[in-house]
Number of protein chains: 2
Amino acid sequence: MTAQLLSASRPRERIIETASRLFFRQGYCATGINQIISESGVAKASFYAHFPSKELLAIAWLEQREERWIQQLKERIAQCPSIDKRVAAMYSLWGDQIRNEGYRGCGFINMAGEFSNEESPIRALVRDHKDRVRHIIANDVLSEYQPRMKPSDFDELVNAIYSLFDGAIIQAQNFMQDWPIDSALKASLKLLSQSLPEEG
Amino acid sequence: MTAQLLSASRPRERIIETASRLFFRQGYCATGINQIISESGVAKASFYAHFPSKELLAIAWLEQREERWIQQLKERIAQCPSIDKRVAAMYSLWGDQIRNEGYRGCGFINMAGEFSNEESPIRALVRDHKDRVRHIIANDVLSEYQPRMKPSDFDELVNAIYSLFDGAIIQAQNFMQDWPIDSALKASLKLLSQSLPEEG
DNA sequence: CCTTGAACAGACAGGTCTGTCTATATATTT
DNA sequence: AAATATATAGACAGACCTGTCTGTTCAAGG
């Protein structure tokens, strides 16, 4: 049983692992506290001892997901010598993830959709995440193009690649297929190839 | 009062108008039947006489939204003589819409996020919608490029522009700003400009 | 041995949800 | 005028939700 496997770790970890799976697969609203505690094999009192509310659990989950995802992304691109390879690595990371996770798309975007109040801490967290990814694209993936381009052109290039990336995630989720990822990668490389005035 | 204004039309229309506003602004789960009937000034029995369930109301709403959106898109692009202008019209339609509707993104994508079951009729509706938009891009917006390009290249171009489009919507929603739309339009035109072997 | 802390089980309160039902009013048609 | 269709108001059932509370078990440390 799942509970058997999970019982090795401590309650707080079991709760987050279960919540991660359920929030991501079913959505936040559709997942109740009762299901979380029953599937993580934890008493209700223990749950509320660790997380004062369902929303704070969601925040803890997103923070953990954020940390792990950013770390994986940085690891993968750090091993790539060229811009093209780093862009490809970014897409392949996402391709691997979406296949493993059953084409459920981006956990942050999905959560943002369920929290319509833009002042909500969840929404702030999602904005921070997306900003951080954008900065990684600009500073770690495309960095060496920055001094060789007009600043506004560089910004547009970053925006374009980032929109392609998010759009591909949405469409892969929608159609439950991989081709949007591949297409977006190809388009990104095409945009890159015509971004420098002197072609090298 | 809103109910005053709405009372001009018949109950079924009042219900759909209200549901459209509430589902879109608050989300499907977060909107209850009781709020819908009270804000549309309709008795509960009347509601269930017109719509057997909440989900069927959502489907009726999405179908109406689909029809109106596709019609608007076709109208706008029909008036444009060149490819570039048609692509720009597509983005400007969305820009107008997102500003009017308060940066709540795409109603279809948002709904798909709340229905995790891929077999759900809602999910099927969203897939159909996205497919239809993709066909319009291929057959009405970029049509005259089709015979002048290698079929696989043409497909990739359509995919790329479509991913840019969806990504821009997501990011405009996330940041509640317009610049992702502008950036995606610029990138789309850039991709177009290098898609023909002989440049005209 | 005994105390303390952390986990357990599960009843409970108070609220919300969807959907059904009864009963009344109004408007149109025959 | 009578009959029929369609609207109204709102109580109600039954399920589910979050979060609180009581009480039990168990293991580690003084």
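So that the names make sense, note that chain A is the first sequence line, chain B the second, and so on, each numbered from 1.
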In chain order, what residues pass the side-chain hydrogen bond (donor to acceptor under 3.5 Å, both in side chains) check against [X], with sequence neighbours excluded?
X	value
E55(B)	none
N139(A)	none
S188(A)	Y91(A)

Going 5' to 3' through nucleotides 24-29 of chain C and flagging B where a protein heavy-atom sits under 4.0 Å of the base, S where only the sugar-phosphate is that close, and - otherwise, we get ------
Taking atom [atom2] of [N] as reference, at what distance in whole Å does atom [atom1] of [X] sit?
X	N	atom1	atom2	result
R10(A)	dG5(C)	CZ	P	16 Å
I15(A)	dA6(C)	CD1	P	14 Å
I37(A)	dC16(D)	CD1	C1'	14 Å
I33(A)	dG10(C)	CD1	C1'	16 Å
R12(A)	dA6(C)	CZ	P	14 Å

Who passes ring pair (Phe, Tyr, Trp, His ring centres under 6.0 Å) against Y145(B), sequence neighbours left out?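 Y145(B) satisfies ring pair (Phe, Tyr, Trp, His ring centres under 6.0 Å) with no other residue.
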Checking F24(A) now: which residues fulfil ring pair (Phe, Tyr, Trp, His ring centres under 6.0 Å) with it, not counting sequence neighbours?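 Ring pair (Phe, Tyr, Trp, His ring centres under 6.0 Å) check on F24(A) returns nothing, list empty.
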Only pairs at least two apart or in different chains count here, so list each salt bridge (charged side-chain N to carboxylate O under 4.0 Å, His left out) that has a residue in residues 108-129 of chain A.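 As it turns out, there is no salt bridge (charged side-chain N to carboxylate O under 4.0 Å, His left out) pair with a partner in residues 108-129 of chain A once direct neighbours are skipped.
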Give me each pair satisfying salt bridge (charged side-chain N to carboxylate O under 4.0 Å, His left out) with a member in residues 182-192 of chain A, each pair once, sequence neighbours excluded.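 As it turns out, the salt bridge (charged side-chain N to carboxylate O under 4.0 Å, His left out) pairs with a partner in residues 182-192 of chain A, which skip direct neighbours, are K186(A)-E156(B).
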W179(A): which other cluster members, linking ILVMFWY side chains closer than 4.5 Å, directly or transitively?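 Members other than W179(A) - counting any ILVMFWY side chain reachable under 4.5 Å - are F175(A).
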When clusters are formed from ILVMFWY side-chain contacts under 4.5 Å, directly or step by step, what else is grouped with I109(A)?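 Same cluster as I109(A): I170(A), I109(B), I170(B).
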Name the residue closer to the 5' end of DNA chain D, choosing between A45(A) and N34(A) according to the nucleotide with the nearest heavy atom.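 Looking at DNA chain D, the more 5' nearest nucleotide goes with N34(A).
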Checking only heavy atoms, does the side chain of K44(B) share a donor-acceptor pair with the base of dG19(C) at less than 3.5 Å?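 For K44(B), whose side chain was compared with the base of dG19(C), there is a donor-acceptor pair (under 3.5 Å).
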Contacting residues from residues 46-58 of chain A, given that a heavy atom lies under 4.0 angstrom of DNA chain D: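 The stretch gives Y48(A), S53(A), K54(A) as the residues lying under 4.0 Å from the strand, ordered by number.
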Considering only heavy atoms, which members of residues 110-120 of chain B lie under 4.0 Å from some atom of DNA chain C?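 None - not one residue of the stretch has a heavy atom sitting under 4.0 Å from the strand.
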What I want to find out is whether D96(B) reaches R76(B) closely enough, with some N-O distance under 4.0 Å, to be called a salt bridge.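 Salt bridge between D96(B) and R76(B), a charged N being under 4.0 Å from a carboxylate O: yes.
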Does a side-chain N-to-carboxylate-O contact under 4.0 Å join D140(A) and R86(A)?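 R86(A) and D140(A): not salt-bridged.
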